[in-house]
K.L.:
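Shown below is the structure under consideration.
Order of listing sets the numbers, starting from 1, for every ligand and every atom in it.
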Amino acid sequence: MGRGSHFVSIFEILTMGVNEPSNRYDEEHDVIVVGSGAGGMTAALCAKAEGLSAVVIEKDLLFGGTSAVSGGGIWIPCNDDIPRVGGSDTYEEALTYLKRLIGDEVPLANIESYLKNAPEMVRYLGKTFDVKFRSVPKYPDYYADLPGGKPGFRSMEPVEFDASKLGDEFDVQRPSFRGTQLFGRIAMNQVEAHTLFSRGAGWIRLMIGMLLRYWFDFAWRRRTHRDRRQTLGQALTGSLREAMIRKDVPLYLGTGFTALIQENGRVVGVEAMQRGETLRLRARRGVVLACGGFESNPEMREQYLPKPTNVAWTAVPPINHGDGIRAGQALGAGLRHMDQVWGSPTVNKPGAAQQITLFVERGMPGCVAVNRKGLRFVNEAATYPDFLKAMYADDAKGNGAVPCWLIFDATFRFKYPMGIFLPGQIEPDAKLPKDWLDRVYYRADSLDALAQKIGVDAANLATTVTRLNGFAKTGVDTDFGKGGSPIDRYYSDRNVKPNPCLGPIEKAPFYAVRLDAGEIGTKGGLVTDERARVLRGDGSVIEGLYAVGNTAAAVMGPTYAGAGSTLGPAMTFGYVAAKDIARATQPAATATA
Ligand SMILES: Cc1cc2nc3c(=O)[nH]c(=O)nc-3n(C[C@H](O)[C@H](O)[C@H](O)COP(=O)(O)OP(=O)(O)OC[C@H]3O[C@@H](n4cnc5c(N)ncnc54)[C@H](O)[C@@H]3O)c2cc1C
């Protein structure tokens, strides 16, 4: 835990009697990292391994940030694990792919820095801290058909982590969302989740094995219902935090960064609030802002994001308010891509702290997304960011697509999950809270009655469904091409022919769920260079200041190259920042006594 208010540091003793409060520091470190997501913890660990002292300050009482509730995937072209799983990759292919997707929206030097450092970062974490990842061979790039795109291999996931290694720190790790676990409790890695959701070979055996393993871990379950075997974002943040404990990198929880301290144009420390008191922490070598985006800041959303926007639609825990972005701005930092998000449609589940993302469900056969006019406007299986872009594009035409509706029938309801509920064969309507009906999900015996309930044009909806049912027969969606690309088919039902993403909507009762325009993070932030240094509006470097993760403008620019495109860069530039700080020969002068 953070230092107590009774703590008197050597610097307080040294500065006693000095009347200039700006010269007083409570503590001094080489590197101060703000935020305990994956980017921040990576930066602190790497700084320590490079021989520097580092501390992480975290506003929340739990560590891990959004990274802890995430899928933990990192997109790492040319990673060392690719040959093991039978793939291949080259720097040139990855560069071709990214240049095609990003265009000139991001400086080439930043993109190249990412490509060069990403596999190095993974290698370094493995060798230095035993924090390990493996390739997810079947997870295709999101635009695998483009030049340089790959049918898999580049996305990596954290290797499972035993939560008991965290000791008491387990209690202050942000837990994952129940929706990312089997039956809300049992951890699944990405390969397992894919096998279960797409009903791949052996899925029933796999599920039974997972249930038994969880059930028979009596000793651990006496402590908590949370699974000891951590996967996804839990494994990612658990293993990084455990490495911090081993390497003696302190983490101060409940310590909210409030301002940067600057001397002669160089950032030399931060101010933070801890238990109602102001702390001044001096950074001899650098400050790394890794305190997320601005998902939970309604004013910034209104100022920057496309309209309509609503803080209630986000899938991100209510922790990131743009503090790092605004602090950088106050020093004249430039901003980029502030109108963009790592978009995803989300659904509201009463009682959940934030909305649920629909990564998987839309690709399954037998559902259709419609606007208020009852018309399709998107390939339902499109990647989550593309789905969100389509919602806004259609809404801008006056068609009422923010929110939109996902319609499905009794067969779909029985077989597949839908964000707020498990497949009906496991969680039938009778098991759902009664007051959810026609509030959280809508049900009717005919499509016409369903359309009336949700305020969608009934005649158009009937035509839309008839047309889709025709596509299900032929296997070809001539309107939006659902099921036509490798990423569409990643989450689909391979037992359904001829197209695993297309099935008829024909069996009553019929269902509707409202999809909101949410996100898994904001994308815009401080402009940084290829060394993760924050740049002013005029392109000059703010010495001593670095930004990573969603505090920095995304290296991906307007695109989402593949699963792990937010965490991969967050961690890579955390590594880059630490190395750069370690290389810099000019530390800030020690605190004035
Ligand atoms: C359900 C879900 C699944 C996802 N899956 C993936 C995935 O598989 N792969 C992927 O790449 N991305 C995924 N994402 C997105 C990804 O999790 C985020 O983009 C990423 O975690 C952002 O990292 P970050 O370090 O910038 O922020 P965070 O992980 O949110 O960390 C920021 C930390 O800073 C702290 N903080 C904020 N303000 C202050 C302050 N003033 N002082 C001190 N601390 C502060 C916060 O409390 C937080 O702990 C997913 C997101 C969601 C919601």
K.L.:
For residues 324-349, pull every pair meeting ring-ring contact (aromatic ring centres under 6.0 Å, His included), keeping only residues two or more places apart or in separate chains.
P.N.:
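As it turns out, the ring-ring contact (aromatic ring centres under 6.0 Å, His included) pairs with a partner in residues 324-349, which skip direct neighbours, are Trp342-Tyr560.
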K.L.:
Between ligand 1 and the protein, give all atom pairs where both partners are nitrogen or oxygen and the distance is under 3.5 Å, as lines of names plus distance to 0.1 Å.
P.N.:
unit_1: ligand 1; atom_1: 5 (N); unit_2: Gly71; atom_2: N; d: 2.9
unit_1: ligand 1; atom_1: 8 (O); unit_2: Gly71; atom_2: N; d: 3.4
unit_1: ligand 1; atom_1: 8 (O); unit_2: Gly72; atom_2: N; d: 3.3
unit_1: ligand 1; atom_1: 8 (O); unit_2: Gly73; atom_2: N; d: 3.0
unit_1: ligand 1; atom_1: 9 (N); unit_2: Gly73; atom_2: O; d: 3.0
unit_1: ligand 1; atom_1: 11 (O); unit_2: Gly73; atom_2: O; d: 3.4
unit_1: ligand 1; atom_1: 11 (O); unit_2: Thr566; atom_2: N; d: 3.2
unit_1: ligand 1; atom_1: 11 (O); unit_2: Thr566; atom_2: OG1; d: 3.2
unit_1: ligand 1; atom_1: 11 (O); unit_2: Leu567; atom_2: N; d: 2.7
unit_1: ligand 1; atom_1: 12 (N); unit_2: Thr566; atom_2: OG1; d: 3.0
unit_1: ligand 1; atom_1: 19 (O); unit_2: Asn550; atom_2: ND2; d: 3.1
unit_1: ligand 1; atom_1: 19 (O); unit_2: Thr566; atom_2: OG1; d: 2.7
unit_1: ligand 1; atom_1: 21 (O); unit_2: Ser67; atom_2: N; d: 3.1
unit_1: ligand 1; atom_1: 21 (O); unit_2: Ser67; atom_2: OG; d: 3.0
unit_1: ligand 1; atom_1: 26 (O); unit_2: Asn550; atom_2: N; d: 2.8
unit_1: ligand 1; atom_1: 29 (O); unit_2: Thr66; atom_2: N; d: 3.1
unit_1: ligand 1; atom_1: 29 (O); unit_2: Ser67; atom_2: N; d: 3.0
unit_1: ligand 1; atom_1: 29 (O); unit_2: Ser67; atom_2: OG; d: 2.6
unit_1: ligand 1; atom_1: 30 (O); unit_2: Thr66; atom_2: N; d: 2.9
unit_1: ligand 1; atom_1: 30 (O); unit_2: Thr66; atom_2: OG1; d: 2.5
unit_1: ligand 1; atom_1: 30 (O); unit_2: Asn320; atom_2: ND2; d: 2.9
unit_1: ligand 1; atom_1: 41 (N); unit_2: Phe257; atom_2: O; d: 3.1
unit_1: ligand 1; atom_1: 41 (N); unit_2: Asp323; atom_2: OD2; d: 2.7
unit_1: ligand 1; atom_1: 42 (N); unit_2: Phe257; atom_2: N; d: 2.9
unit_1: ligand 1; atom_1: 44 (N); unit_2: Lys59; atom_2: N; d: 3.0
unit_1: ligand 1; atom_1: 47 (O); unit_2: Glu58; atom_2: OE2; d: 2.5
unit_1: ligand 1; atom_1: 49 (O); unit_2: Glu58; atom_2: OE1; d: 2.6
unit_1: ligand 1; atom_1: 49 (O); unit_2: Glu58; atom_2: OE2; d: 3.3
unit_1: ligand 1; atom_1: 49 (O); unit_2: Gly65; atom_2: N; d: 3.4

K.L.:
Sequence neighbours left out, what passes side chain to side chain donor-acceptor pair (under 3.5 Å) with Thr528? Give chain and number order.
P.N.:
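None.
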K.L.:
Knowing that exactly one of Asp60, Thr66, Thr237 qualifies, which makes a side-chain hydrogen bond (donor to acceptor under 3.5 Å, both in side chains) with Arg174?
P.N.:
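When Asp60, Thr66, Thr237 are each tested with Arg174, the side-chain hydrogen bond (donor to acceptor under 3.5 Å, both in side chains) holds only for Asp60.
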K.L.:
Does the ring centre of Tyr124 sit less than 6.0 Å away from the ring centre of Tyr575?
P.N.:
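That pair passes the under 6.0 Å test.
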K.L.:
Check each of Gln274, Glu58, Glu27, Lys59 against Tyr252 using the side-chain hydrogen bond (donor to acceptor under 3.5 Å, both in side chains) test, and report the only one that passes.
P.N.:
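Only match with Tyr252 under side-chain hydrogen bond (donor to acceptor under 3.5 Å, both in side chains): Glu27.
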K.L.:
Can you list everything that forms a ring pair (Phe, Tyr, Trp, His ring centres under 6.0 Å) with Tyr490? Sequence neighbours excluded, please.
P.N.:
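So Tyr490 forms a ring pair (Phe, Tyr, Trp, His ring centres under 6.0 Å) with Tyr139, His194.
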